[in-house]
Amino acid sequence: MGISTRWLIAATLFAVSGCVLPGKFITLDVAPAVQPSSVVAAWSPKVMLTPDPANGGVPAPGLAGRVYLFGPMADFPLTGDGTMTIELFDDTPRNGQPSSVHLEQWQFDAVTMKRLLKKDAIGMGYTVFLPWGSYRPDVRQVHLSLRFDPTNGTPVYAPSGPMTLEHGTPSVGPMETH
């Protein structure tokens, strides 16, 4: 290899290596993280029992579901950085009249959200169990309201439709994902 060939190779490598000459700056465009623009929740209508560690493992009732965040394209679930709030409402008609009574609220901080993140057949999502402290078997119809608050961005909401609960013999443990 001649000297001129070596200089040509060295100059080419220098040019493509991203080196910065004095007074010159090279900037790389980095695509911003995609912010969630929608959230979808899939709730199980079965009242589930799970051991309550605060009460010596006595089974406690609750609701379980999966939560997925999507960007503008909604082609595959995203992982998010933020918090989530879920509210439960009793929609069971009373005295022949429709009603909607707020029962409980659960809040998940950013650290907990990361811990709940799991992959399933749909993609990355959050498996949540909502321990239902005010549970009553006469509550037959409910709906849930979910809000995801990204660390940077606009909150997204997912109200559920009405859900008829299956009481019977509650299942043991929250929804499993593989």
Check: Taking atom types as modelled and ignoring hydrogens, do the side chains of S100 and D91 form a donor-acceptor contact shorter than 3.5 angstrom?
Finding: yes
Notebook entry, point to check: Between D109 and T112, is there a donor-acceptor pair closer than 3.5 Å when you use the side chain of the first and the backbone of the second?
Noted result: yes
Next item on the list: May I have all residue pairs that pass salt bridge (charged side-chain N to carboxylate O under 4.0 Å, His left out) and include part of residues 93-105, sequence neighbours excluded?
Entry: D90-R94, R94-D138
Checklist line | Residue pair R140 / L165, side-chain heavy-atom distance below 4.5 Å | finding: no
Checklist line | Over all atoms of both residues, closest heavy-atom pair of P77 and F70 | finding: N-CE2, 3.6 Å
Next item on the list: Using the rule that two of Ile, Leu, Val, Met, Phe, Trp, Tyr join whenever any of their side-chain heavy atoms come within less than 4.5 Å, decide whether L116 and L69 are in one cluster.
Entry: yes
Next item on the list: Kindly assign one of parallel, tilted or perpendicular to the pair Y135 and W132, based on the angle between their ring planes and the thresholds 30° and 60°.
Entry: perpendicular
Next item on the list: Could you verify whether a donor N or O on one side chain and an acceptor N or O on the other, from Q141 and T164, lie under 3.5 Å apart?
Entry: yes
Next item on the list: Flag the pair V39 / V67 as yes when at least one side-chain heavy-atom distance between them is below 4.5 Å, and no otherwise.
Entry: yes
Next item on the list: Return the minimal non-hydrogen interatomic distance between K46 and L63, and the atom names on each side.
Entry: O-CD2, 4.1 Å
Item checked: I122 reachable from M84 in the ILVMFWY side-chain graph, under 4.5 Å edges -> no
Margin query: Any non-hydrogen side-chain atom of P36 less than 4.5 Å from a side-chain atom of F148?
Written below: yes
Check: Any link between Y126 and F108 through a network of hydrophobic side chains (Ile, Leu, Val, Met, Phe, Trp, Tyr) touching at under 4.5 Å?
Finding: yes
Notebook entry, point to check: Heavy atoms, side chains only, cut-off 4.5 Å: are K114 and D81 in contact?
Noted result: yes
Notebook entry, point to check: Looking only at heavy atoms, what is the nearest atom pair of G65 and W43, with distance?
Noted result: CA-CE3, 3.7 Å
Next item on the list: Please check if the side chain of D52 supplies one atom and the backbone of A54 the other of a donor-acceptor pair under 3.5 Å.
Entry: yes
Next item on the list: Give every residue pair that meets the salt bridge (charged side-chain N to carboxylate O under 4.0 Å, His left out) criterion with at least one member in residues 147-164, sequence neighbours excluded.
Entry: R147-D149
Checklist line | Heavy-atom closest pair, residues P150 and P155 | finding: CD-CA, 3.9 Å
Checklist line | For the student: nearest non-hydrogen atoms of P72 and S37, plus distance | finding: N-OG, 3.2 Å
Item checked: From L130 atom CG to L88 atom CG, the distance as rounded to the nearest 0.5 Å -> 8.0 Å
Checklist line | Distance, nearest 0.5 Å, that separates CH2 of W106 from CD1 of I86 | finding: 7.5 Å
Notebook entry, point to check: Between CE of M113 and OG1 of T151, what distance do you get to the nearest 0.5 Å?
Noted result: 10.0 Å
Next item on the list: I would like to know whether F89 and S145 meet side chain to side chain contact (heavy atoms under 4.5 Å, CB included); could you show each step before the answer?
Entry: CA-CA 8 Å; F89 296 86; S145 177; 4.0 Å; yes
Check: What heavy-atom pair brings M124 and R66 nearest, and what distance separates the two atoms?
Finding: C-NH2, 4.3 Å
